[in-house]
Peer 1: 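Please read through the structure below; I'll follow up with questions.
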Amino acid sequence: QEPFEIGSYELDGRTVDVNVYGQYVLIANDENGVSIIDASDPESPEEVSSYQSEREEPLRRIREGGDFIYALYGENNIEILSVSNENEIALSNLFVIDGWVVTNIVNDATNLYVSLSLTDVYGGRVVRINVENPENVVVTSAYQSVGEAQDVTIIGDYGFLKDANQHEDSGYKIFDATNPENPVHISSFAAIGGSDLDQIDDFLFIAHGAVTIYTLQNIDEPRQVEVYGEGIFDIATWDGALYAVVQDQGIQILNPDDPDNIEVIGQIDDAATHIYVDEDVLYALGEGLRIYDVSNPAETALLNTIDAL
């Protein structure tokens, strides 16, 4: 069944990042700054709040953290924005990580994880920043990379640091993220490239043109078990399914229960560059934002669009 549109919302400028929490879609836009869209009524999505920073650096990332939004501008400027019950956005704090380039930010309830690379030499680290008091953020620990810290992802109790260097141990480093004061190194595994990763049960999926699948049954010794597809540059998971953005082919919905025999169970014709899936809803970013109902992967439906003009 072909997806059909039942609502739309137009937005000037270029959308660079998106987060979803509950009924709201949080959008980072290079012209409009931060926007909060209420998508509870798919036929009539509505912007309920917006924020435009006074900074001249481009907005690169946004992350949602309950009553706060973390916004990355330029190379190393992070604004903490408070969100009231009425969805009013206000600046709570700004901190600059001098001498470093921020490559990614992720967060949990009380901590912000920031992957950093040096601007003048080859090296990097992940720092863990306690943001319980947004007006007085505190760096609680650091986890060192061998080379450039290109990305960080937190899944459950573990952190995955993408460590790019010129040595044989280039790939991913896994650390224990349960102790804020001491992120203990668990293991490392080699991986060429890798632009996105996600996990289902004991399997880790890394997108880098194809999807490389690793078993984490023994977290001390991750082991590659299969490589799937080609032209895949972004992935997401939900309810046991793997969603993959495939160049010139749209979005594939996959059943990865058997890594040796991955089955295509759905297809969305969408030229997305980034996807996010939550509560049977898929958000496709690229030339605007499309929102799909994927509760039945074989018969997806386009709920609404937010167009970048």
Side-chain angles (χ1 to χ4, degrees), residues 16-28 33-36 49 51 53 55 59-84 87 89-97 100-117 124-143 145 149-162 172-184 195-199 234 236-238 274-279 283 285:
V16 295
D17 202 5
V18 61
N19 271 204
V20 177
Y21 61 106
Q23 69 192 58
Y24 298 105
V25 181
L26 182 64
I27 294 176
V34 178
S35 297
I36 299 178
S49 187
Y51 169 82
S53 175
R55 308 203 62 78
L59 176 59
R60 294 174 47 209
R61 294 278 192 279
I62 50 170
R63 296 292 180 263
E64 173 273 327
D67 294 332
F68 296 94
I69 296 170
Y70 308 101
L72 171 63
Y73 291 85
E75 289 189 342
N76 52 16
N77 304 278
I78 299 176
E79 289 189 347
I80 301 179
L81 310 175
S82 63
V83 184
S84 70
N87 287 310
I89 305 174
L91 178 64
S92 290
N93 195 3
L94 165 70
F95 60 97
V96 180
I97 306 177
W100 297 86
V101 175
V102 176
T103 55
N104 197 17
I105 56 175
V106 295
N107 63 285
D108 59 22
T110 58
N111 297 283
L112 192 65
Y113 297 83
V114 183
S115 55
L116 304 168
S117 290
R125 63 178 59 176
V126 172
V127 295
R128 184 172 184 168
I129 302 171
N130 186 295
V131 291
E132 281 187 287
N133 181 359
E135 297 181 1
N136 184 29
V137 298
V138 178
V139 176
T140 58
S141 61
Y143 176 71
S145 63
Q150 292 188 337
D151 201 357
V152 60
T153 302
I154 305 297
I155 303 177
D157 293 338
Y158 299 103
F160 297 83
L161 168 64
K162 183 181 178 184
Y172 282 87
K173 295 164 70 75
I174 304 176
F175 60 92
D176 185 338
T178 59
N179 186 348
E181 307 297 332
N182 185 27
V184 177
S195 59
D196 196 17
L197 79 163
D198 216 325
Q199 184 178 351
D234 195 44
T237 60
W238 173 255
H274 179 67
I275 55 174
Y276 179 87
V277 187
D278 185 50
E279 298 289 346
Y283 302 84
L285 177 65

Peer 1: Where do I69 and L26 come nearest, in terms of heavy atoms and distance?
Peer 2: CD1-CD1, 3.5 Å
Peer 1: What are the two closest non-hydrogen atoms of A28 and I62, and how far apart are they?
Peer 2: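 Reported closest heavy-atom pair: N-CD1, 3.3 Å.
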Peer 1: Mark yes or no for whether T140, through its side chain, and N130, through its backbone, hold a donor-acceptor pair below 3.5 Å.
Peer 2: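 Not a single qualifying donor-acceptor pair exists.
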Peer 1: Under the side chain to side chain contact (heavy atoms under 4.5 Å, CB included) criterion, do L91 and L81 qualify, and how do the steps go?
Peer 2: CA-CA 5 Å; L91 178 64; L81 310 175; 3.8 Å; yes
Peer 1: For the CG atom of D176 and the CG atom of N182, what is their distance to the nearest 0.5 Å?
Peer 2: 8.5 Å
Peer 1: Kindly say whether L112 contributes a backbone atom to a donor-acceptor pair with the side chain of R63 at under 3.5 angstrom?
Peer 2: no
Peer 1: Distance check, rounded to the nearest 0.5 Å: D151 atom CG versus S145 atom OG?
Peer 2: 12.0 Å
Peer 1: Are the side chain of N87 and the backbone N or O of S49 linked by a donor-acceptor pair below 3.5 Å?
Peer 2: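 No: the side chain of N87 does not pair with the backbone of S49.
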Peer 1: Go through the side-chain N and O atoms of R128 and N179 and say whether any donor and acceptor fall under 3.5 Å apart.
Peer 2: no
Peer 1: Of the options I129, L161, I105, D108, which is the one that meets Y113 in a side-chain contact (heavy atoms from CB on, under 4.5 Å)?
Peer 2: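 The side-chain contact (heavy atoms from CB on, under 4.5 Å) with Y113 is passed solely by D108 among I129, L161, I105, D108.
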Peer 1: Under a plain distance cut-off of 3.5 Å, with no hydrogens placed, do Q199 and Y158 share a side-chain donor-acceptor pair?
Peer 2: no
Peer 1: Check the pair Y24, E64 against side chain to side chain donor-acceptor pair (under 3.5 Å), reporting the backbone distance first and the verdict last.
Peer 2: CA-CA 11 Å; Y24 298 105; E64 173 273 327; over 6 Å; no
Peer 1: Tell me if a side-chain donor or acceptor on T178 pairs with a main-chain N or O of D157 at a distance below 3.5 Å.
Peer 2: no
Peer 1: Starting from the C-alpha separation in whole Å, work towards a yes-or-no answer on side chain to side chain contact (heavy atoms under 4.5 Å, CB included) for I78 and V114.
Peer 2: CA-CA 10 Å; I78 299 176; V114 183; 4.2 Å; yes
Peer 1: Measuring only between side-chain heavy atoms, which start at C-beta, is V18 closer than 4.5 Å to V25?
Peer 2: yes
Peer 1: Using every non-hydrogen atom in the two residues, find where A177 and G159 come nearest and quote the distance to one decimal.
Peer 2: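 For A177 and G159, the tightest heavy-atom pair comes out as CB-N, 4.2 Å.
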Peer 1: How far apart are the C-alpha atoms of I97 and L116, what are their side-chain angles, what is the distance that settles it, and do they pass the side chain to side chain contact (heavy atoms under 4.5 Å, CB included) test?
Peer 2: CA-CA 9 Å; I97 306 177; L116 304 168; 4.0 Å; yes
Peer 1: I need the Y143 OH to I174 CD1 distance, nearest 0.5 Å.
Peer 2: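 The CD1 atom of I174 is 8.5 Å from OH of Y143, to the nearest 0.5 Å.
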Peer 1: Can you tell me how far OG of S53 sits from CG of N77, rounded to the nearest 0.5 angstrom?
Peer 2: 8.5 Å
Peer 1: For residues D196 and D234, report the shortest heavy-atom separation together with the two atoms involved.
Peer 2: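 Looking at all heavy atoms of both residues, the closest pair is OD2-OD1, 2.6 Å.
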Peer 1: Let's go through L94 and R55 carefully: what are the C-alpha distance in whole Å and the side-chain angles of both, what is the deciding distance for side chain to side chain contact (heavy atoms under 4.5 Å, CB included) to 0.1 Å, and is it a yes or a no?
Peer 2: CA-CA 11 Å; L94 165 70; R55 308 203 62 78; 3.1 Å; yes
Peer 1: Identify the heavy atoms of Y70 and G65 that sit nearest to each other, and give their distance.
Peer 2: CE1-CA, 4.1 Å
Peer 1: Using only atom types and a distance under 3.5 Å, with no angle test, would you say the side chain of E132 pairs donor to acceptor with the backbone of P134?
Peer 2: no
Peer 1: Quick one, E75 and W100 - any side-chain contact, counting heavy atoms below 4.5 Å?
Peer 2: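 Side chain of E75 against side chain of W100, heavy atoms only: no contact under 4.5 Å found.
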Peer 1: Any heavy-atom pair between the side chains of I36 and V83 that's under 4.5 Å?
Peer 2: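 In contact.
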Peer 1: Decide yes or no on side chain to side chain donor-acceptor pair (under 3.5 Å) for R61 and N19, but give the supporting numbers first.
Peer 2: CA-CA 10 Å; R61 294 278 192 279; N19 271 204; over 6 Å; no
Peer 1: Within this structure, what is the CD1-CG distance for the pair I80 and D67, rounded to the nearest 0.5 Å?
Peer 2: 13.0 Å
Peer 1: Could you tell me which non-hydrogen atom of F160 sits nearest to which non-hydrogen atom of F175, and how far apart they are?
Peer 2: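 Where F160 meets F175 most closely, the heavy atoms are N-CE2, 4.2 Å.
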Peer 1: Main chain of S115, side chain of T103: is a donor-acceptor contact present, judged purely on distance under 3.5 Å?
Peer 2: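 Yes; judged by distance alone, with no hydrogens or angles, the pair exists.
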Peer 1: Can you tell me how far CD1 of I275 sits from CH2 of W238, rounded to the nearest 0.5 angstrom?
Peer 2: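 W238 CH2 to I275 CD1: 14.0 Å, rounded to 0.5 Å.
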